Amino acid sequence: MNNEVRVRFAPSPTGYLHLGSLRTALFNYLFARHNNGKFILRIEDTDQSRKVEGAVENLINIFNEMGLNFDEGPGIGGDFGPYFQSERLDTYKKYCDELLAKGHAYYSFETAEELEEMRRVQLTQGKQTMYDRRARQLTENEVKEKLASGIPHVIRLKVPLDSEIRFTDLIRGNVKIETNQVDDQVLLKSDGYPTYHLANVIDDHLMNISHIIRGEEWLTSVPKHIILYNAFGWKVPIMAHVPLILNPDKSKLSKRQGDVSTEDFLKKGYLKETLLNFMALLGWHPGEGEDREIFTIEELIGLFNIERVNSAGAVFNIEKLNWMNAEYIKQYDIDKLTELVIPYLNAGGIDTSDSAKTKRVVVAIRNYINKLDESAEQAGIYYKKVEMDAAQREITGTEISKQIFDNLILKVESLLEITIDNFKPVVSQVQKETGIKGKDLFMPLRLALTGVEHGPELGLIAYVLGKEEVLKRIKQVNQ
Ligand code: GLU
């Protein structure tokens with residue numbers, strides 16, 4: 001008996017990766033890696049009407065970017081391919097025929113109008129809306145005739161009535177449902193394409209999937225799937241349904257409420273490490289006695305345990321995400337961070353050709369930003385020409401200010417360069433020698449260097465600007 005853990009992420013490509021899907025993929029990935037198993041990407045693209053050009057490429061790019069490497073799937077292949085459902089249509093047809101032959105499925109010929117009418121009547125009677133199983137009554141001959149005359153049809157699952165389906169979900173616990181409430185699900189559509197339910201069950205079986213980890217919205221499909229597994233005589237994989245991600249008002253995190261696509265978060269400059277860390281903790285926690293919030297992906301792999309996923313919905317807290325991203329930015333390798341920040345500076349019109357300066361800028365701004373798209377604004381003072389209004393010019397134009405500037409210029413000129421910590425002592429020296437202190441000392445300097453009253457610490461500003469620029473800016477106001 002092969003006990004290998006094999007899990008899959010099985011998106012229907014919609015053109016973007018919803019954060020909820022990212023989390024599902026991540027949980028699958030962590031589970032696979034924790035258990036030395038396989039993580040498979042399968043594209044569920046049988047709904048032709050929902051096809052989006054480039055969606056799969058986009059998805060694979062994000063997976064690569066996030067480092068969520070799959071072991072089998074589009075592009076890399078594997079022993080259980082093809083990994084696009086649209087390339088497996090013959091297989092679904094074959095298994096559907098098997099169900100028909102064994103009496104677990106049947107033809108149904110209703111038109112869309114008839115189905116709509118059925119629904120309307122059920123609604124007015126206050127009944128559960130579902131297919132009323134009427135085509136089960138057709139005789140073999142009736143079916144033959146209708147098929148022969150080319151009447152459009154679907155193939156439906158023949159749900160065994162008056163019994164109960166029970167299963168244990170690793171997150172939700174024991175679930176049971178009366179089969180009479182289960183719809184005779186369409187398995188094969190009139191265009192010959194399988195529905196999600198049929199294709200999903202067949203593929204999970206044929207791909208030897210051991211555990212199904214997916215969003216809670218699929219929980220209600222499980223009874224249908226179990227009926228299918230039973231009809232085929234196949235083993236049912238272990239299930240784990242992950243709770244929804246919620247807005248702070250407890251509504252479902254959805255596109256209408258703002259950005260939900262992973263791409264958008266990456267674009268805004270949330271680091272991939274932050275997103276992985278944050279999403280992993282959305283509904284999961286490593287356990288008591290663990291109060292850290294920052295985990296590397298390796299640590300997450302080591303700690304991940306699907307049974308610790310909370311069954312209640314997880315609230316998406318953007319403040320926490322911002323906090324976490326800021327933490328990552330502060331600790332990130334400076335060269336790598338600089339590389340990541342450069343496009344944001346360029347987009348803000350900042351010339352980054354002086355790479356030494358760019359790096360100093362990043363050293364300075366990393367403590368002031370939550371996400372990389374705030375970089376250009378924070379970096380502005382290091383690049384923009386200093387402009388002051390009349391009131392500010394008055395401050396820098398006083399006798400006192402002149403004394404400060406004269407004194408400081410001499411000292412800075414004698415420095416080899418301004419380092420991250422040698423400017424402050426210079427200013428203290430100026431204070432000692434001129435007797436000017438506090439705001440009287442700092443404000444003229446700050447204004448001369450930046451043109452604004454507030455901002456990072458002066459020593460940092462001077463370090464970023466560098467000796468030459470510091471002298472240039474001070475001399476400019478000290479004429
Ligand atoms: N194609 C389904 C989706 O879009 C897959 C659900 C499942 O994992 O079974 O989420």
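Note that ligands are numbered from 1 as they come in the structure, with each ligand's atoms numbered from 1 the same way. What you see is a predicted model; the values in this text were computed from it and never measured.
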Just distance, no hydrogens or angles: give the donor-acceptor pairs under 3.5 Å from side chains in residues 301-308, sequence neighbours left out.
| unit_1 | atom_1 | unit_2 | atom_2 | d |
| --- | --- | --- | --- | --- |
| N305 | OD1 | E307 | N | 2.9 |
| R308 | NE | H285 | O | 2.9 |

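- Within the structure, salt bridge (charged side-chain N to carboxylate O under 4.0 Å, His left out) contacts touching residues 154-168 (residues at least two apart or in different chains) are E164-R166.
- T179 places no side-chain N or O within donor-acceptor distance of the main-chain N or O of V182, the cut-off being under 3.5 Å.
- At least one cation-pi condition fails for K371 and Y344: the charged atom is not both under 6.0 angstrom from the six-membered ring centre and inside a 45 degree cone around its axis.
- Near ligand 1, residues R8, A10, S12, E44, Y196, N200, R214, W218 come within 4.0 angstrom through at least one heavy atom.
- Evaluation of the side chain to side chain contact (heavy atoms under 4.5 Å, CB included) rule for L123 yields R119, T129 as partners, not counting sequence neighbours.
- The minimum heavy-atom distance between A231 and L99, with the atom names listed, is CB-CD2, 3.7 Å.
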